[in-house]
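Here the structure is laid out as structure tokens; the discussion comes afterwards.
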Amino acid sequence: MTPPPSRQPDDGHPADGPVAAAIGLLAKQGFDATSVEELAEASGMSRSTFFRRFGSKEDVVFADHERILRQVNDRLAESRLEPLATVADAAMLVFEHHLRNPATSRARYGLLQAVPALRDRELVTSHRYERAFLQFLNDALPGKGQHEYKAVAFAAAVVAVHNAFLRQWLRTTPKAGDTAAADRKRATALAAELQALAETFRPALFGSPAPSQPAPTVVVTVLPGPADREAIAQAVRDALP
């Protein structure tokens, strides 16, 4: 059953209230069957205000991500963690936003399955997160662009792993009981996967130390009395491990 539209998102952030209401109504009535006037009314604003704030029906479906993307960029800029952990932490910020807003996130997921144009828009949104991660890595990693293509791969991998966890969560029907505990467990699992991913990429992004050379073998032999060259060579050969 599609949840009814709400003017207040689950995490209480006022900026997301109109978005939650609009997405809830679109999921309830259908994307094409819902007019902008109805969305404006559900969001608590006039039609002209709705257009100024969101632009279109397509835009309102992803409007909360505009705020989250700004938060991601702020987190990347302000973090004191090392670069790979910083990217993982920023990805967790996005995942936790969905966990705090399950009704809106699941309603949007239903819309994406029904409206191909929205699926295309989702790809653009995912790419914006990926690009933010990549720009941060290019500035933060040693060598200033020396590992650019590996940074591309890491940024894309972080987004791919995050989205895989998110889709799995969105497809899961919430069970009665302590859903908060289940969500915490899922978030912990994602954090562990992102940490493992960072460790996989770390040698490539930071460079591996040069392989250590084996220590030279020192052989000491003691020969009684004077010895010719062949006797010395034989003694050394005998002493080698």
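- Atom CH2 of Trp169 is separated from atom CG of Leu99 by 5.5 Å, given to the nearest 0.5 angstrom.
- Listed by first and then second residue, the salt bridge (Lys or Arg N to Asp or Glu O under 4.0 Å) pairs that reach into residues 77-93 are Arg75-Asp89, Glu82-Arg202, sequence neighbours excluded.
- A salt bridge links Asp59 with Arg121: the closest approach of a Lys/Arg side-chain nitrogen to an acidic carboxylate oxygen falls below 4.0 angstrom.
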Assess whether side chain to side chain contact (heavy atoms under 4.5 Å, CB included) is satisfied between Glu122 and His127, documenting all intermediate values. CA-CA 9 Å; Glu122 182 192 28; His127 180 68; over 6 Å; no

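- Atom OG1 of Thr34 and atom CD of Gln29 lie 4.0 Å apart (nearest 0.5 Å).
- The minimum heavy-atom distance between Phe54 and Pro18, with the atom names listed, is CZ-CB, 4.1 Å.
- In this structure, Phe95 and His162 have perpendicular ring planes: the angle between them is above 60°, well past the 30° mark.
- A heavy-atom distance below 4.5 Å is found between the side chains of Phe62 and Leu118.
- Both the sub-6.0 Å distance and the 45° axial angle are satisfied by Lys57 relative to the ring of Phe31.
- Put simply, CG on Leu26 and CZ on Arg108 are 11.0 Å apart, with the number rounded to the nearest 0.5 Å.
- Leu190 contributes atom CG, which lies 10.5 Å from atom CD of Gln168 (distance to the nearest 0.5 angstrom).
- Taken to the nearest 0.5 Å, the CG atom of Asn163 stands 9.5 Å off from the CG atom of Leu170.
- Residue Glu37 qualifies as enclosed at atom CD: its count of foreign heavy atoms under 6.0 Å is above 12.
- The closest side-chain heavy-atom distance from Thr172 to Arg186 is below 4.5 Å.
- In the hydrophobic clustering of ILVMFWY residues, with side-chain heavy atoms under 4.5 Å counting as a link, Leu93 and Leu137 come out together.
- The six-membered or imidazole ring of Tyr129 lies near that of His65, with a centre-to-centre distance under 6.0 Å.
- Shortest non-hydrogen contact noted between Ser79 and Thr86 is OG-OG1, 3.0 Å.
- Of all the heavy atoms in Leu39 and Ala22, the pair that sits closest is CD2-O, 3.5 Å.
- In this structure, Leu141 and Ala151 approach most closely via the heavy-atom pair CD1-CB, 4.1 Å.
- No continuous path of hydrophobic side-chain contacts links Val152 to Phe206 [ILVMFWY only; heavy atoms under 4.5 Å].
- Looking at every heavy atom in both residues, Val158 comes nearest to Ala91 through CG1-CB, 3.7 Å.
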Criterion side chain to side chain contact (heavy atoms under 4.5 Å, CB included) on Val161 and Leu197, from CA distance to verdict: CA-CA 9 Å; Val161 170; Leu197 189 67; 4.3 Å; yes

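- Across all their heavy atoms, Ser105 and His98 have their closest contact at OG-ND1, 2.8 Å.
- Cluster membership for Ile68 and Leu134, using ILVMFWY side-chain heavy atoms within less than 4.5 angstrom, is not shared.
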What do the steps show when you test Glu38 against Arg47 for salt bridge (Lys or Arg N to Asp or Glu O under 4.0 Å), and what is the final call? CA-CA 9 Å; Glu38 290 173 312; Arg47 187 177 188 274; over 6 Å; no

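- For Glu96 and Arg184, the salt-bridge test fails: no basic side-chain N is under 4.0 Å from an acidic carboxylate O.
- At least one donor-acceptor pair closer than 3.5 Å links the side chain of Arg119 to the backbone N or O of Leu112.
- From Thr125, atom OG1 reaches atom CD of Glu130 across 12.5 Å, with rounding to the nearest 0.5 Å.
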Step by step, would you call His97 with Gln71 a side chain to side chain contact (heavy atoms under 4.5 Å, CB included)? CA-CA 11 Å; His97 167 73; Gln71 290 185 351; over 6 Å; no

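- Transitive grouping of hydrophobic side chains (ILVMFWY, heavy atoms separated by less than 4.5 Å) keeps Phe136 and Leu81 in distinct clusters.
- When only modelled atom types and interatomic distance are considered, Tyr109 and Arg171 share a side-chain donor-acceptor pair under 3.5 Å.
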